[in-house]
Chemist: 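Would you mind keeping the following structure in view while I ask a few things?
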Number of protein chains: 2
Amino acid sequence: MNEPTGLRARKKARTRDAIADAAVSLFLEHGFDRVSVNDVAAAAETSKPTLFRYFPTKEDLVLHRFADHQGEAARVVRERRSGTKPMTALRRHFRGGLDRYDPVTGLNDHPEVVAFHRLVFTTPSLAGRLTRYQLEDEEVLAEALGEGVRGRVRAAQVLAVQRVLARVNWQKIADGRTARDVHPEAVADADEAFGLLR
Amino acid sequence: MNEPTGLRARKKARTRDAIADAAVSLFLEHGFDRVSVNDVAAAAETSKPTLFRYFPTKEDLVLHRFADHQGEAARVVRERRSGTKPMTALRRHFRGGLDRYDPVTGLNDHPEVVAFHRLVFTTPSLAGRLTRYQLEDEEVLAEALGEGVRGRVRAAQVLAVQRVLARVNWQKIADGRTARDVHPEAVADADEAFGLLR
DNA sequence: GTTACCGAGTTAAAAAAGCAACCCGGTAAC
DNA sequence: GTTACCGGGTTGCTTTTTTAACTCGGTAAC
């Protein structure tokens with residue numbers, strides 16, 4: 001089921017992780033703009049060209065965690081069991097994320113995760129680039145949802161809903177509440193928001 | 001004074017160490033002949049050709065620790081202060097090794113060191129290759145000692161003495177005594193043995 | 001007595017990483 | 001207002017590593 005795990009693949013994954021981890025921990029400690037990519041490369045013990053071979057821009061050093069979820073919505077729609085409506089599949093998937101306290105739902109109170117979200121949301125260049133990612137996500141979801149304007153609008157609405165929900169959840173947790181405590185509200189919010197999509 | 005420490009050099013050193021460490025620890029645990037170079041490479045997380053680029057033969061995976069002392073005797077002779085006789089320089093150097101409990105003198109009771117020596121001495125192919133190293137050592141020492149048969153004989157005698165002394169010391173320690181305890185005898189033996197060289 | 005496998009080493013080609021030098025836009029120094 | 005540096009990102013070249021397939025000697029199977 002998982003990729004062939006040769007030496008090459010293992011070491012590439014490790015290098016990638018080393019770079020990403022070094023980056024995030026430096027950014028969290030000193031702030032995105034006060035850390036240069038040279039610093040990151042040095043901390044990860046790789047060269048600058050290598051760093052850029054793994055991550056196209058400085059922002060991606062942070063955002064790859066979202067990038068890993070690229071196209072997830074589209075996939076959920078495409079792989080739904082026949083008989084299930086797209087919206088139901090998406091709602092269930094999001095609900096699953098909440099129950100697993102998946103960081104992308106905003107419903108996660110691990111200190112690192114919270115700090116990470118604050119970093120993303122309060123750094124303009126990061127927030128900006130993140131919306132670019134979501135636009136691409138929107139396009140593939142639109143395709144999965146059907147031709148024409150109809151699909152595009154649906155896609156935009158779904159992603160907007162997810163974005164808002166995640167933001168609301170994160171805000172409550174940033175205010176000091178625990179994920180477990182917020183969970184019921186998050187589920188209720190999700191039901192209401194997805195309900196509006198009909 | 002020390003080599004430029006770029007990324008490349010650092011990683012090469014690390015790879016080399018990883019291979020050597022994996023090798024020695026596997027050999028100590030299972031025996032030299034029951035561990036294949038494939039096992040070593042796998043444990044060190046490198047490929048077989050890489051392993052062989054760092055160490056020309058399987059034996060060298062163990063013996064590089066001796067190889068690091070290659071030519072040491074010759075260097076001691078060449079770099080002695082003028083006015084000092086070669087033999088005195090060599091005797092003093094060996095004496096220094098005893099005082100530092102240098103593993104090459106056999107006078108070292110760290111469990112790993114003792115086990116390592118047992119490994120070398122009780123594995124025929126290793127013991128065999130080790131004497132090959134000592135022959136090369138002998139040649140360069142002979143050159144440093146002067147032309148002709150005279151130098152060669154001297155060289156052979158010095159190295160034979162060191163070999164015997166190391167072996168005797170190791171034997172006592174293998175019998176359970178501590179290095180500190182054996183030290184005086186080792187010094188006495190050394191004095192006597194080097195004395196015979198006159 | 002082949003046939004098949006194992007372990008030490010090697011080879012060639014391709015991927016990946018390092019290095020040094022560069023471009024380009026910004027901003028601080030003088 | 002040049003000049004110099006800094007940080008993001010790129011380029012070309014070299015070195016290192018992986019991969020897979022190979023040689024060669026030994027030895028177990030049948």
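Letters go in sequence order (proteins before strands), and every chain restarts at 1. These values consider heavy atoms only, across backbone and side chains, with no hydrogens, waters or symmetry-generated copies. It should be emphasised that the depicted structure is a prediction, and the values quoted were computed from it without experimental measurement.
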Chemist: Using whole Å, report how far CG of A/N38 lies from C1' of C/dG18.
Modeler: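 To the nearest whole Å, that distance equals 14 Å.
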Chemist: Compute both the distance and the angle, then confirm whether A/R129 meets the cation-pi test with A/F66: under 6.0 Å from the six-membered ring centre, within 45 degrees of the axis.
Modeler: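 No, A/R129 does not sit over the ring of A/F66.
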Chemist: Take the C1' atoms of the five end pairs on each side of the helix from C/dG1-D/dC30 to C/dC30-D/dG1, derive the two axes, and give their angle rounded to 10 degrees.
Modeler: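 Comparing the first five pairs with the last five, the axes sit 10° apart.
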Chemist: State plainly whether one hydrophobic cluster holds both B/L98 and B/V113, where clusters connect Ile, Leu, Val, Met, Phe, Trp and Tyr through side-chain heavy atoms under 4.5 angstrom apart.
Modeler: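 Not linked; separate clusters.
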Chemist: Atom CZ of A/R34 to atom P of D/dC6: distance rounded to whole Å?
Modeler: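 Taking atom P of D/dC6 as the reference, CZ of A/R34 is at 18 Å.
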Chemist: Strictly by salt bridge (Lys or Arg N to Asp or Glu O under 4.0 Å), give each pair with a member in residues 136-159 of chain B just once, sequence neighbours left out.
Modeler: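 For residues 136-159 of chain B: B/R132-B/E136.
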Chemist: Heavy atoms within less than 4.0 Å of DNA chain D: which residues of residues 121-132 of chain A have one? Give them sorted by number.
Modeler: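 Nothing qualifies; none.
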Chemist: How many whole angstroms separate atom CZ of B/R14 from atom P of C/dG18?
Modeler: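 Rounding to the nearest Å, CZ of B/R14 and P of C/dG18 are 11 Å apart.
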Chemist: Would you kindly give the CG-to-C1' distance between B/L51 and C/dG7, to the nearest whole Å?
Modeler: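 B/L51 atom CG is separated from C/dG7 atom C1' by 13 Å.
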Chemist: Tell me the side-chain hydrogen bond (donor to acceptor under 3.5 Å, both in side chains) pairs involving residues 74-91 of chain A, sequence neighbours left out?
Modeler: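 For residues 74-91 of chain A, and leaving out neighbouring residues, there are no side-chain hydrogen bond (donor to acceptor under 3.5 Å, both in side chains) pairs at all.
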Chemist: Are B/L7 and A/V40 joined in one hydrophobic group, where the rule is that I, L, V, M, F, W and Y side chains link up if heavy atoms are under 4.5 Å apart?
Modeler: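 Different clusters.
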Chemist: Please answer whether the main-chain N or O of A/T105 pairs with a side-chain N or O of A/N169 as donor and acceptor at a distance below 3.5 Å.
Modeler: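 Flag set: sc A/N169 to bb A/T105 pair under 3.5 Å.
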Chemist: Please report the interatomic distance CG(A/L28) to CD(A/E112), rounded to the nearest 0.5 Å.
Modeler: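 Rounded to the nearest 0.5 Å, the CG-CD separation comes to 8.5 Å.
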Chemist: More than 12 non-hydrogen atoms from neighbouring residues, nucleotides or ligands closer than 6.0 Å to CZ on A/R118, yes or no?
Modeler: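 No.
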Chemist: Write down the protein N/O and nucleotide N/O pairs, taken from nucleotides 9-18 of chain D, whose separation is under 3.5 Å; answer none if there are no such pairs.
Modeler:
unit_1: D/dG9; atom_1: OP2; unit_2: A/K58; atom_2: N; d: 2.6
unit_1: D/dG9; atom_1: N7; unit_2: A/K48; atom_2: NZ; d: 2.9
unit_1: D/dG9; atom_1: O6; unit_2: A/K48; atom_2: NZ; d: 2.6
unit_1: D/dT16; atom_1: OP1; unit_2: B/K12; atom_2: NZ; d: 3.0
unit_1: D/dT17; atom_1: OP1; unit_2: B/Y54; atom_2: OH; d: 3.0
unit_1: D/dT17; atom_1: OP2; unit_2: B/R53; atom_2: NH1; d: 3.3
unit_1: D/dT17; atom_1: OP2; unit_2: B/R53; atom_2: NH2; d: 3.2
unit_1: D/dT17; atom_1: OP2; unit_2: B/Y54; atom_2: OH; d: 3.2
unit_1: D/dT18; atom_1: OP1; unit_2: A/K11; atom_2: NZ; d: 2.3
unit_1: D/dT18; atom_1: OP2; unit_2: B/S47; atom_2: N; d: 3.1
unit_1: D/dT18; atom_1: OP2; unit_2: B/S47; atom_2: OG; d: 3.2
unit_1: D/dT18; atom_1: OP2; unit_2: B/T50; atom_2: OG1; d: 2.7
unit_1: D/dT18; atom_1: O3'; unit_2: A/R8; atom_2: N; d: 3.4
unit_1: D/dT18; atom_1: O2; unit_2: A/R8; atom_2: NH1; d: 3.1

Chemist: When you look at B/L61 and B/I19, which way does the side-chain contact (heavy atoms from CB on, under 4.5 Å) test go after all the steps?
Modeler: CA-CA 8 Å; B/L61 288 168; B/I19 295 173; 3.6 Å; yes
Chemist: Just the rounded figure in Å: distance from P of C/dT27 to CG of A/D33.
Modeler: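 After rounding, the reported distance stands at 13 Å.
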Chemist: Would you mind listing every side-chain hydrogen bond (donor to acceptor under 3.5 Å, both in side chains) that reaches into residues 15-30 of chain B, with sequence neighbours excluded?
Modeler: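 Every candidate side-chain hydrogen bond (donor to acceptor under 3.5 Å, both in side chains) pair involving residues 15-30 of chain B fails, so no pair, neighbours aside, qualifies.
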Chemist: Would you say B/K11's side chain and A/E45's backbone share a donor-acceptor pair under 3.5 angstrom?
Modeler: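 Such a contact is found between B/K11 side chain and A/E45 backbone.
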